[in-house]
Amino acid sequence: MEYAKLGRSDVTVSRIGIGAMGFGVPDGQHPWTVDFGTSLAVVREAVDAGIAFFDTAFGYSGGTSEEYLGRALRECAKRDEVCIATKFIPPRAQTRAEGFSDAQWVRHSLETSLGRLREDYVDLYICH
């Protein structure tokens, strides 16, 4: 597997990454997702092949994509040997109506994602 620095950062990623949009409990937006056992098998195979970059998002399958990815990585990888990316959706009018400032929404989204992943940090946080 080939690896590279992510931009000018100190974060190293494999040149091949695994997107976890297909992991999680099927919902109206993602009815084709796979269960945890299949998600674990994909992550295990990826880690065994040297893949160290994994991407998910706050909204994939109601958050269960983050839960499955975090659980699978805990079972088959060392945290300091993988790069986890997740994404949040931009704040909307409804979000603001609920009392969130834009900064509060980003922080809330990050804290929610960290809880689902059961991690203290993510390596890359992206506005989706």
| field | side-chain contact (heavy atoms from CB on, under 4.5 Å) between Val43 and Val47, worked out | value | CA-CA 6 Å; Val43 171; Val47 169; 4.2 Å; yes
| message | For Leu110 and Val122: C-alpha separation, side-chain torsions, deciding distance, then whether side-chain contact (heavy atoms from CB on, under 4.5 Å) applies. | response | CA-CA 9 Å; Leu110 176 59; Val122 293; 4.0 Å; yes
| said: Pair Phe54, Cys83 - check side-chain contact (heavy atoms from CB on, under 4.5 Å), show working. | reply: CA-CA 6 Å; Phe54 297 87; Cys83 177; over 6 Å; no
| Yes or no on ring-ring contact (aromatic ring centres under 6.0 Å, His included) for Tyr68 and Phe36, after CA distance, side-chain angles and deciding distance? | CA-CA 6 Å; Tyr68 284 17; Phe36 176 73; 5.7 Å; yes
| task | Apply side-chain contact (heavy atoms from CB on, under 4.5 Å) to the pair Val25 and Thr33, showing each step before the final yes or no. | result | CA-CA 6 Å; Val25 175; Thr33 58; 5.7 Å; no
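Hydrophobic clustering, with ILVMFWY side chains joined whenever heavy atoms are under 4.5 angstrom apart, keeps Val13 apart from Ile84. Both Phe23 and Phe88 are members of a single hydrophobic cluster when ILVMFWY side chains are connected at heavy-atom separations under 4.5 Å.
Summarising the geometry, atom CZ belonging to Arg15 is positioned 14.0 Å from atom CD1 belonging to Ile51; distances are rounded to the nearest 0.5 Å. Rounding to the nearest 0.5 angstrom, the gap separating the CG atom in Leu69 from the CD atom in Glu119 is 9.0 Å. Taking OG1 of Thr95 as the start and CH2 of Trp105 as the end, the distance is 4.5 Å to the nearest 0.5 Å. Taken from CG in Leu117 to CZ in Arg74, the straight-line distance is 8.0 Å, to the nearest 0.5 Å. Distance CG/Asp120 to CG/Leu114: 7.5 Å, rounded to 0.5 Å. Taking CD of Glu111 as the reference point, atom CZ of Arg107 lies at 5.0 Å (rounded to 0.5 Å).
Listed for the Ser14 side chain is a donor-acceptor partner under 3.5 Å among the backbone atoms of Ile16. Using a distance-only test at 3.5 Å, with no hydrogens or angles considered, a donor-acceptor pair links the side chain of Ser101 to the main chain of Gln104. At distances below 3.5 Å, not a single donor-acceptor pair connects side-chain atoms of Glu67 with backbone N or O atoms of Thr64. Remark: side-chain polar atoms of Ser65 are not paired, donor with acceptor, to backbone N or O of Ser61 under 3.5 angstrom.
The shortest heavy-atom contact between Pro31 and Pro26 is O-CB, 3.7 Å. The two residues Ala85 and Ile126 have their closest heavy-atom pair at CB-CD1, 4.4 Å. When all heavy atoms are compared, the tightest approach of Met21 to Tyr60 is CA-CD1, 3.4 Å. Nearest approach of Tyr125 to Val106, heavy atoms of both residues: OH-O, 3.5 Å. Nearest approach of Gly59 to Gln29, heavy atoms of both residues: O-OE1, 4.3 Å.
By the neighbour-count criterion of 12 heavy atoms within 6.0 Å, atom NZ of Lys78 is sparsely surrounded, having that number or fewer from other residues, nucleotides or ligands. No more than 12 heavy atoms of other residues, nucleotides or ligands lie within 6.0 Å of CZ in Arg92, so this atom counts as exposed by the packing criterion. Surrounding CG of Asp10 are at most 12 heavy atoms belonging to other residues, nucleotides or ligands under 6.0 Å away.
Side-chain contact annotation: Glu66 with Ser113, donor-acceptor N/O pair under 3.5 Å present. Neither side chain, Thr56 nor Thr86, offers a donor N or O lying under 3.5 Å from an acceptor on the other.
Between His30 and Trp32, the two ring planes are perpendicular [angle over 60°; tilted spans 30° to 60°].
Remark: Arg79 engages Asp123 in a salt bridge, criterion side-chain N to carboxylate O under 4.0 Å.
Counting heavy atoms from C-beta on, the side chains of Lys87 and Cys127 never come closer than 4.5 Å. Looking at Leu124 and Leu6, their side chains come closer than 4.5 Å, going by heavy atoms from C-beta outward.
A cation-pi contact links Arg116 to Phe58, judged by a cut-off of 6.0 Å to the six-membered ring centre and 45° from its axis.
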